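Remember, it's a predicted structure, so these values are computed and weren't measured experimentally. Lettering follows sequence order; numbering is per chain, from 1.
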2 protein chains.
Amino acid sequence: MSSIATNAREASAGANDSLKSEFVAFKTNRIIEVASNLFYQRGYSSCTLDLVADNLGVTKPFLYSYFKNKEAILAAICEVGISESLAVLEATLADEHKTHRALLTEVVRQVGRIVIERQEYVVVYQREMKHLSATDHNRILRMRASFDHQIAELIREGVEAGEFREDTDSFVAVWIGGLISWIPTWYSPGGQRSSGEVIDQLVTAALRLAGAE
Amino acid sequence: MSSIATNAREASAGANDSLKSEFVAFKTNRIIEVASNLFYQRGYSSCTLDLVADNLGVTKPFLYSYFKNKEAILAAICEVGISESLAVLEATLADEHKTHRALLTEVVRQVGRIVIERQEYVVVYQREMKHLSATDHNRILRMRASFDHQIAELIREGVEAGEFREDTDSFVAVWIGGLISWIPTWYSPGGQRSSGEVIDQLVTAALRLAGAE
DNA sequence: TAAGCGCCGTACTGGCCAGTAGTTTTTTCT
DNA sequence: AGAAAAAACTACTGGCCAGTACGGCGCTTA
């Protein structure tokens, strides 16, 4: 009996905890969403936490119960784009049945989609990374390096398999990363080109760089 | 006689003035050089003018006798990379005897060189443009647009002339601009790759994007 | 050498802002 | 209902920084 009661209590406590942590996650997300938008518009250093709080309809101490300080908010923002991209990259590369050309196409398409979706996060990351603490900076730099490394590997194998031109240096991985990162500086959601067109163009460009035609 | 005297006086005054304006130009240059370096390292908003002055061995009011305010210094920095690139672009395109392929190669090579030389200026421009006044912002944006437009035109003519693949959209001009702008985020002067190698790679990449092979 | 001028420095201010201490409100549990 | 705990707010501070008023020093000119 006591064990049943205990289990029930634990289960209930567990449910409560998870509900509570869902609330916390939700609020945390809202904060980085709004903060990202404001950092994007005004720049990290010239954006005050009072402003972020105002835009959320709360006050500054509220933010401090979810993040240690201003820099922690920035770190959370910077991590979004790169961690999602890395996740998609690894999920895509897991499919062993595809050709290297198909893999490259799919990776570029998926990551391009994420970069467009998370445009503001990506731009803030690119512009404001230098304000991160050394620890956060290194963690994010490692993710970025891992991304580039895996693309370079994909290129190398594709060249070996004869799918890409043999005079293709695996360093084009960095150039392809450049194409992807470049999108947010000129694409705007309501603009002339749809995100679909942009992604198609991106894929074409990446394939040309890889010599896969 | 009076006219000779006047001329002599004017000539002398002119020489003085030009010498003086050379001094002014020199000091102005030193300011944007040092400021660019500090804005590059710390970001525009978190870099104080006292710090800039310290690094020049002068004091803050000195800066205010050469620039109206902090933003004017930023504007001067932002203009360097793009105005030099535009000048080189137009000088290169003036050579009527070259093929479109040769013109594209030369433009990319020259602008790549400028971007590497002026790396810090270019990065500050990309990151901090949003802190410019509307007037400065527009002036610089127009230069940038003119650059992209002329590259697009070059691509279009090259396709027409049969030098580039016929399924090449002139929008690759923007992608090529992306490759060039991407260099400063990963190239470092003392690093593994020499600037010559980087530029060769850049040219190769640009030609592949244009379908000129 | 003395007067005049211009260049640069000293010293200040007014406002802004990250971060915090202590209080009030809301929720939870009995 | 009422107490205890959790969540959010009010109100403040200490330091920083763009921009400025004014003073002094050296340099020209006669």
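Rounded to whole Å, the distance from CG on A:Leu63 to P on D:dA7 is 15 Å. In this entry the distance linking CZ of A:Phe23 with P of C:dT26 reads 17 Å, nearest Å. Rounded to a whole Å, the CG atom of A:Leu56 is 15 Å from the C1' atom of D:dC9. When rounded to the nearest whole Å, the span between CG of A:Asp50 and C1' of C:dG19 equals 10 Å. The CG-C1' distance, from A:Leu51 to C:dC16, rounds to 13 Å in whole Å. Rounding to whole angstrom units, CG of residue B:Leu49 and P of C:dA11 are separated by 20 Å. Nucleotide D:dG19 holds its P atom 9 Å from the CD atom of B:Glu71, rounded to whole Å. Put simply, OH on A:Tyr64 is 17 Å from P on D:dT10, counting in whole angstrom units.
Separation of atoms SG (B:Cys78) and CG (B:Asp136) is listed at 8.5 Å; rounding is to 0.5 Å. With values rounded to the nearest 0.5 angstrom, B:Tyr44 atom OH is found 5.5 Å from B:Leu74 atom CG.
Residues that satisfy the side-chain hydrogen bond (donor to acceptor under 3.5 Å, both in side chains) test with A:Gln126, not counting sequence neighbours, are absent from this structure. For A:Glu79, the salt bridge (Lys or Arg N to Asp or Glu O under 4.0 Å) test picks out A:Arg139, with sequence neighbours left out.
Exactly one of B:Glu153, B:His149, B:Arg156, B:Glu157 qualifies for a side chain to side chain donor-acceptor pair (under 3.5 Å) with B:Ser170. That residue is B:Arg156.
Nearest-nucleotide positions on DNA chain C for A:Ser46 and A:Lys68 put A:Ser46 closer to the 5' end.
Applying the salt bridge (charged side-chain N to carboxylate O under 4.0 Å, His left out) rule to pairs touching residues 42-69 of chain A yields A:Asp50-A:Lys60, sequence neighbours excluded. Residue pairs that meet the side-chain hydrogen bond (donor to acceptor under 3.5 Å, both in side chains) test with at least one member in residues 186-199 of chain A, sequence neighbours left out, are A:Ser194-A:Glu197.
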Write down the protein N/O and nucleotide N/O pairs, taken from nucleotides 8-10 of chain C, whose separation is under 3.5 Å; answer none if there are no such pairs.
| residue | atom | partner | partner atom | Å |
| --- | --- | --- | --- | --- |
| C:dC8 | OP1 | B:Lys27 | NZ | 3.1 |
| C:dG9 | OP2 | B:Thr59 | N | 3.1 |
| C:dG9 | OP2 | B:Thr59 | OG1 | 2.7 |
| C:dG9 | O5' | B:Thr59 | OG1 | 3.4 |

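Ring centroid separation for the pair B:Tyr66 and B:Phe62 comes in under the 6.0 Å cut-off.
At least one test fails for B:Lys130 against the ring of A:Tyr40: distance under 6.0 Å to the centre or angle within 45° of the axis.
Sorted by residue number, the list of members of residues 130-138 of chain A with any non-hydrogen atom under 4.0 Å from DNA chain D is empty.
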